[in-house]
Amino acid sequence: MSKSASDESAGRAEVVSLDSNSKLTFALIGNPNTGKSTLFNALAGMRARVGNYPGVTVEKKVGNFRYRDHEIELIDLPGTYSLSPRTADEMVSVRVLLGSQGRSDPPDAAICIIDATHLQRHLYLLSQLLDLGIPTILVLNMWDEVQKQNLEIDVKTLEQRLGIPVVAASARSGLGIPELKDKMIALLANHQSAGESKSDHLELFPENFRRARAEISRIIQEKAAQRIPEYLAERLLLDINGETEREILKENDELAKILQSKREELKQDGCPIPAIEPRVRYGWAREVLEGVIQRPETPVEQRGSSLDRWLTHRFVGPAVFAVIMLLMFQAIYTWAGPLMDGIEYIQDEISGSITGVMPPGAFRSLLTDGIVAGVGSVVVFLPQILILFFFIAILEDCGYMARAAFLMDRVMTKVGLSGKAFVPMISSFACAVPGIMAARTIEDRKERFVTILVAPLMSCSARLPVYLLMINAFVPQRSIWGGFVSLQAFVLFCFYLLGVLVAIPVAWILKKTWFKGEVAPFVMELPNFKWPSFRVVFFRVWDRGRSFLKQAGTLIFLTTIIVWAAGYFPGDRTELNQVKGLLESGKLSEDRIAQEIFEQRNRELSAQLLNSSFLGSAGHAIEPVVRPLGWDWRIGMGAIASFPAREVIIGTLGTIYSLGGDVDEKDSGLIEKMHAARKADGSPVYNIPVALSVMVFFALCAQCGATLMVMRQETNSWKWPLFAFTYMTTLAYLGAFVTYQIGMIILPAA
Amino acid sequence: MPTLKTLNVGDQATISHIDGTDAIAMRLMEMGLFEGETIRFMGKAPMGDPLEYEVCGCKISLRLSETERVHIVS
């Protein structure tokens, strides 16, 4: 080891004074399940800035805090088992540490957090970090667990052998955090005073490998005119088909051949690629840990071992899982309801008070139907998002989530996904927005994207009003199968099933086309069970809610404004505004007949204006397109108006049938109007095939601005929401077409 | 040479080597499945796949197809 022991000064922050004007940057890195986010929050608090690194789906999370007059910036890197980048996403961490991500400088130092109860395995990542040559502090997290298990870890010896500061900590309880902050300052003070910007890197590889690495660097510089850091030259040699190859060789066959022959040479020379890396790193870890850990003679029974037996038991496991999923589903589906109603109530109150103080006109309509409705359409998703993430955070923090993936893996592999995709999928039955956000727990990029792209096919709660309206209006109330099942309920069930049945081939095709490639390894850690921490759960829920509002919220809001404008303009609203003004003035309250006449006029004018608006024109324009689906221009317009949010169709139909916009799916007036609606030739507009065709369209179409915006947020690209929109609209159209045409054959004039 | 697949629930074995040089092989090694380590077969998921093992004090889950690549000392 070439590092000098920094043990001397590590504990005394004030010995060397550090230039306090400069900002100190630390990168935080660690394996998954080590409490990294908890440590991040313990250091930087809740005010993290969250964004995305350009071109990849890696979340960029940066926090700032002050400590002893120093401004410290903390960059949270994604949890990883190694710094051997296999994908562009994994390359981001390496680039951040090397200072070649965007225009950023390398961080001043790194904090490597490891699970102290699993020291040996976690030292693998540390050895790579030291290999990079960045000053590092090691945090032995979960120290409380070390004490519980009666393990004795000799921190002093470890510190001496590693030559870096080591802090025993428990991020959940705050133990060791002040010491860590002191050591962070001390480490940099030490480096600054020694006049070195970088420490020597840890060299573990044998001589022949080092020579090959230097040669590769030289060849790359000659042939591709790039200077690459030594660590990337190392990765180039070690990671067969890795991301480094893709980024640096750029399909240069000559370089690829040279690299291949170097690897072959090394193999002949007793240095097999890639096995040499774990060999030297684990060898080093064993050496470092020799005599450092004393285990008790009788190991303390780990909490949850017997629990684990039951939770993954053949019969009990799935039963418990089903109960948990049912509870979670019930929570997002039902418990969110009153909260969403509350938000809608507040929204109505605000609109109401604006209406009370302003005369009717374009500006008032913009405020109430555009801005207030737009804010409402964003905020209304929060209850479902917060409740789902409350559950997910608890399940993840206590360690159950990995077991759920373990239980469901076999089922999900049938459609080419893994067990980790199950929770996002099931959540999407309540709402695809939190469902897509939940897909973040899937590490493999391809699988995550496939999950995100098929999640909106699950029948969410916003489809239910549309189903109920059509079923109530057109499906006869009778029982089937000997009276056990009502026909209406059966039809409803079929529509829920439809989404799943369509999602299976779509996922399969996506896996075979855009997202083909080797199957992601399902090697997954099953972390020990522990009690969920309130802080961790709270931070996670807060984080998700905030990122939704900031990233997707603005776009959802804008979409609502655009659709408002399309339904409002053009049109001469003078008479409507007069009628509205008269109705609101209260002058007619004595005269019930006059009141009714003017209300009727109000509804008629609203319907006429909607008819002549951009939205209405669009409805007329697409009538030839929707006629094969059995629709008239009104349904077509309703479908267009529902692209930002599918439940809008009901209010739009209400307005166009002169009932006003505030009808709901149980409105008997609306159902009557739909039954009475006639085409030009006198035949009814709606019959069972038309109702089914509308329902199929709504089941399969991506009529949800929020879903598409969250998709953009999660994939960090417009390409995928655009793709989802296109494929779902196409499927919806074809599905509705086939349903209507077949329906007309087997259910003539029903 | 026997692989992990030949173990019964509760059995313990020493890893001898891992087949392949691809991402899966590397991931297995990074997760602690490395020559000389002791591994224990803890149990199966309800439908017989994936499988749970303990190595380096950590519990991990492997798919049946992945277990065939982990060779153990006979």
Side-chain angles (χ1 to χ4, degrees), chain A residues 31 33 80-82 84 86-87 115 117-122 124-125 238-242 263 272-275 277-279 281-283 286 302 305 308-309 312-318 321 399 402-403 405-411 413 418-419 518-528, chain B residues 1 3-5 7-12 14-73:
Chain A
N31 279 201
N33 303 310
T80 179
Y81 292 106
S82 77
S84 325
R86 280 182 283 261
T87 62
D115 179 346
T117 61
H118 297 145
L119 263 176
Q120 179 176 317
R121 205 196 68 200
H122 288 218
Y124 191 92
L125 179 65
L238 288 169
D239 301 340
I240 301 171
N241 295 325
R263 285 173 182 154
I273 305 288
E277 183 173 26
R279 192 174 293 166
R281 297 200 190 281
Y282 279 123
R286 281 175 195 162
Q302 274 182 24
S305 309
D308 213 6
R309 289 275 63 79
T312 53
H313 183 270
R314 185 182 297 211
F315 304 115
V316 183
F321 180 60
R403 269 82 182 173
F406 181 72
L407 286 175
M408 294 316 295
D409 187 59
R410 191 63 206 271
V411 179
T413 47
S418 84
E518 65 184 299
V519 190
F522 191 64
V523 196
M524 180 180 67
E525 196 174 346
L526 300 167
N528 288 335
Chain B
M1 197 177 264
T3 67
L4 276 187
K5 215 181 168 181
L7 291 183
N8 294 314
V9 175
D11 284 358
Q12 199 164 298
T14 305
I15 297 170
S16 79
H17 69 278
I18 311 238
D19 269 348
T21 58
D22 58 352
I24 297 180
M26 278 314 285
R27 170 54 78 83
L28 289 169
M29 291 192 247
E30 287 162 9
M31 303 261 316
L33 283 93
F34 183 65
E35 55 193 45
E37 282 302 325
T38 306
I39 189 162
R40 198 146 79 99
F41 186 10
M42 305 291 285
K44 295 176 183 177
M47 277 170 280
D49 188 17
L51 313 163
E52 184 184 341
Y53 294 90
E54 191 178 82
V55 65
C56 283
C58 301
K59 287 178 194 137
I60 58 162
S61 119
L62 299 181
R63 286 200 184 127
L64 212 51
S65 56
E66 289 155 354
T67 61
E68 291 173 27
R69 317 176 57 159
V70 183
H71 295 261
I72 50 175
V73 178

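Convention: sequence-line order gives letters A, B, ...; per-chain numbering from 1. No experiment lies behind these values; they were computed from the predicted model shown.
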Exercise for the section: Could you tell me which of B:L62, B:T21, B:L64 has the largest number of non-hydrogen atom pairs under 4.5 Å with chain A? Expected result: B:T21

Practice task
Measure A:R286 against the heavy atoms of chain B and call it side chain, backbone, both or neither at under 4.5 Å.
Solution key: side chain

Problem - Note: A:D409-B:R63 ion pair, threshold 4.0 Å (strictly below) - result: yes

Exercise for the section: Measure distances from A:I273 to the heavy atoms of chain B and classify the residue's part below 4.5 Å as side chain, backbone, both or neither. Expected result: backbone

Problem - B:E66/B:R27 salt bridge by N-O under 4.0 Å criterion - result: no

Exercise for the section: Answer with side chain, backbone, both or neither: which region of A:H313 has an atom nearer than 4.5 Å to a non-hydrogen atom of chain B? Expected result: backbone

Handout entry: Within the 6.0 Å centroid threshold, strictly below: A:Y124 and A:Y81
Key = no

Practice task
Look at B:K5 together with B:E68 and state whether they make a salt bridge at an N to O cut-off of under 4.0 Å.
Solution key: yes

Handout entry: Among the listed options B:P46, B:S61, B:S65, the residue most often paired with chain A at heavy-atom distances under 4.5 Å
Key = B:S61

Handout entry: Interatomic spacing from CE in B:M29 to CD1 in B:I24 - rounded to 0.5 Å
Key = 12.0 Å

Exercise for the section: Name the member of A:Q120, A:M524, A:R314 that forms the most heavy-atom pairs with chain B at distances under 4.5 Å. Expected result: A:M524

Problem - Sidechain N-carboxylate O distance under 4.0 Å for A:R86, B:D22 - result: no

Problem - Under 4.5 Å from a heavy atom of chain B, the part of A:F406 involved - result: both

Exercise for the section: With a 4.5 angstrom heavy-atom cut-off, could you sort out which part of A:T117 is near chain B: side chain, backbone, both or neither? Expected result: neither

Handout entry: Electrostatic pair B:E35:A:R279 at N-O distance under 4.0 angstrom
Key = yes

Handout entry: Contact class of A:R281 relative to chain B, heavy atoms under 4.5 angstrom
Key = neither

Handout entry: Option in B:L33, B:V55, B:L51 with maximal non-hydrogen atom pairs under 4.5 Å from chain A
Key = B:L51

